[in-house]
Amino acid sequence: MSLVAPYIETLSPYVPGKPIEEVAREYGVPDCAKLASNENPLGASPRALAAIRDALSRIHLYPDGASFALKEKLAARHGVDPREIVIGAGTNEILTLLARTFLAEGEEAVISENTFLVYRIAIQACGRRAVAVPMKDHRYDLEAMAAAVGPKTKLVFVANPDNPNGSYVTKAELDRFLAKLPERVLVVLDEAYFEFVDKSDYPDGAELRRRRPGLVVLRTFSKIYGLAGARVGYALCDPDVAGYLERVRDPFNVSSLGQVAAIAALDDAAHVSATREVTIEGRAVLMRELPRFGFTVVPSVANFVLAEGKDGDELFRSLLPHGVIVRPMRAYGMPNAARVSIGSPQENERLLRALEKLADGSGPLHAVSRKA
Ligand SMILES: Cc1ncc(COP(=O)(O)O)c(C=O)c1O
């Protein structure tokens, strides 16, 4: 007999991007270009780093369990009441909390196939059913998702832009979708990559939420602010929804260093705009150059691109000896694709040079160069 319920027994763990340290150990390449986890190529905001250093002397104290100062700051930024904000250890924690808090027995969540894997894991981990709707041309099919919403549906997850496809839904598409859903359905609009989008028809969830109380908008400090390791994200939502999430979350879910770093990063407009700039430029370079190597690139508005047309696992392995880490997409149901995060200009160049070597056969093969 299994120690756990069948839904835990059959759960596939989330496999993160391969860490730089692991590649250094296995291949003897110390200075990898990690283009596997959509991190910030410029690093963290210098202001955030200074705030972390300042806060270190108080690390023996528990953090403010209410994240009061960060909530106040975000409330002012978004023009909302602090009771409309929930802070989490990354948006990841909030995704898990949403499933735990709102999916009662017998209720379901509607998601898209080939989207961010954490949605499915969060739903299944509490023994609930995820109804996965196929994408259309690498985009969310919101019409089909609306049709999949039934009497048992409590949550709908929409990543905008989507990870790993890099595509987005327009304001008109989202408006039409929301209008079709019953009020009792909570729509989780995950805007982890919000700041990288440069399209005029891209909707701002924080604005839309003013008209639709059942909308839960997620933002993160992991991407544009460069604080992935500090683990801070937040939800903007109705105070009632926030109140329930606050009941379920752990008392000290966000570390003191994460809180001060996030507060400082919010004031670092220069770092945000530099990140945006380097990302948008790098994105154009990779979207232009990757097709030269036989890839089909899905048009992306985020800080990564999805490259299709080669076995993703093989590409991942053959790039490792060149010190380049990409993310194979088999776990996302796309074995012939890899996701490539936009790096610094040097990192993007390194990827392209490695692909050139692989293409002309002069690059080392992983099986040969891998350390014993
Ligand atoms: C769509 C999406 N949502 C949420 C997250 C989680 O981000 P974090 O927990 O670091 O805030 C990610 C991370 O890659 C993501 O791609």
Side-chain angles (χ1 to χ4, degrees), residues 44-45 47-48 50-52 54-55 58 61-98 101-102 158 160 171 174 178 186-197 202-228 230-273 275-276:
S45 144
R47 290 193 188 208
I52 288 173
D54 273 0
R58 296 183 299 283
L61 301 173
Y62 279 101
D64 173 5
S67 299
F68 178 84
L70 176 55
K71 258 190 206 171
E72 289 281 316
K73 181 113 191 155
L74 285 169
R77 173 68 54 107
H78 289 289
V80 301
D81 190 284
R83 288 173 307 141
E84 293 171 85
I85 297 175
V86 178
I87 315 278
T91 44
N92 224 307
E93 187 199 12
I94 302 178
L95 291 167
T96 309
L97 265 180
L98 282 161
T101 306
F102 292 107
V158 177
N160 199 32
K171 179 162 187 314
L174 193 60
L178 293 175
L186 290 180
V187 179
V188 181
L189 188 60
D190 181 348
E191 296 183 335
Y193 303 96
F194 176 84
E195 299 85 353
F196 300 105
V197 185
Y202 173 68
D204 177 343
E207 281 302 316
L208 284 185
R209 201 182 66 77
R210 295 179 199 278
R211 285 183 280 120
R212 221 258 183 202
L215 199 57
V216 179
V217 176
L218 304 183
R219 301 269 177 94
T220 183
F221 286 90
S222 298
K223 311 296 175 183
I224 196 99
Y225 296 105
L227 292 173
R231 311 301 306 124
V232 193
Y234 62 100
L236 296 167
C237 55
D238 186 80
D240 288 344
V241 171
Y244 289 120
L245 293 171
E246 293 285 354
R247 292 185 201 188
V248 178
R249 74 164 172 83
D250 288 340
F252 302 104
N253 60 333
V254 184
S255 76
S256 49
L257 301 185
Q259 291 182 37
V260 296
I263 291 169
L266 280 169
D267 282 334
D268 198 341
H271 178 262
V272 167
S273 64
T275 302
R276 196 176 141 85

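- Within the structure, salt bridge (charged side-chain N to carboxylate O under 4.0 Å, His left out) pairs that include any residue of residues 75-84 comprise Asp81-Arg83, Glu84-Arg209 (at least two apart or interchain).
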field: CA sep, side-chain torsions, deciding dist, call: Arg247, Thr101, side-chain contact (heavy atoms from CB on, under 4.5 Å)
entry: CA-CA 9 Å; Arg247 292 185 201 188; Thr101 306; over 6 Å; no

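- Atom CG of Leu186 and atom CG of Asp238 lie 9.0 Å apart (nearest 0.5 Å).
- A distance of 9.0 Å separates CD of Glu246 from CG of Leu97, quoted to the nearest 0.5 Å.
- Side-chain atoms of Leu178 and Val187, non-hydrogen and from C-beta on, do get closer than 4.5 Å to each other.
- One distance of note links CG of Asp64 with CG of Leu70; it measures 9.5 Å at 0.5 Å rounding.
- Note that the OG atom of Ser45 and the CG atom of Asp267 stand 9.0 Å from one another [nearest 0.5 Å].
- Here the rule is salt bridge (charged side-chain N to carboxylate O under 4.0 Å, His left out) with Asp204, and of Arg210, Arg211, Arg219, Lys171 only Arg219 fits it.
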field: Step-by-step side-chain contact (heavy atoms from CB on, under 4.5 Å) determination, Val260 to Asp54
entry: CA-CA 9 Å; Val260 296; Asp54 273 0; over 6 Å; no

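- The aromatic rings of Phe102 and Tyr244 sit perpendicular to each other, their planes meeting at more than 60°, with 30° as the lower class boundary.
- Annotation: the span from Tyr202 atom OH to Phe196 atom CZ amounts to 11.0 Å, rounded to 0.5 Å.
- Around atom CZ of Phe252, more than 12 heavy atoms belonging to other residues, nucleotides or ligands sit under 6.0 Å away.
- Across Leu218 and Ala235, no two heavy atoms sit closer than the pair CD2-CB, 3.6 Å.
- Minimum heavy-atom separation, Val86 to Cys237: CG2-SG, 4.3 Å.
- Proximity of Asp268 to Val272: side-chain heavy atoms (C-beta onward) are nowhere separated by under 4.5 Å.
- For the pair Gln259/Pro63, a side-chain contact is recorded, criterion being any heavy-atom separation below 4.5 Å from C-beta on.
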- request: For side-chain contact (heavy atoms from CB on, under 4.5 Å), just list the numbers for Asp190 and Asn160, CA-CA rounded to whole Å, side-chain angles, deciding distance to a tenth of an Å, and then say yes or no.
  value: CA-CA 6 Å; Asp190 181 348; Asn160 199 32; over 6 Å; no

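- Here the closest heavy-atom approach between residue Gly258 and residue Val232 is recorded as O-CG2, 3.4 Å.
- Minimum heavy-atom separation, His78 to Ala206: ND1-CB, 4.1 Å.
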- prompt: For Leu174 and Leu189, what are the C-alpha separation, side-chain angles and deciding distance, and is it a side-chain contact (heavy atoms from CB on, under 4.5 Å)?
  reply: CA-CA 10 Å; Leu174 193 60; Leu189 188 60; 3.8 Å; yes

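- Counting heavy atoms from C-beta outward, Arg249 and Ile87 have side chains that stay 4.5 Å or more apart.
- Taking every heavy atom of both residues into account, Tyr225 and Thr220 meet most closely at CD1-O, 3.9 Å.
- Shown here for Asn92 and Arg231, the closest heavy-atom pair between the two residues is CB-NH2, 3.7 Å.
- If you take CZ on Arg47 and CD1 on Ile263, they are separated by 13.5 Å, rounding to the nearest 0.5 Å.
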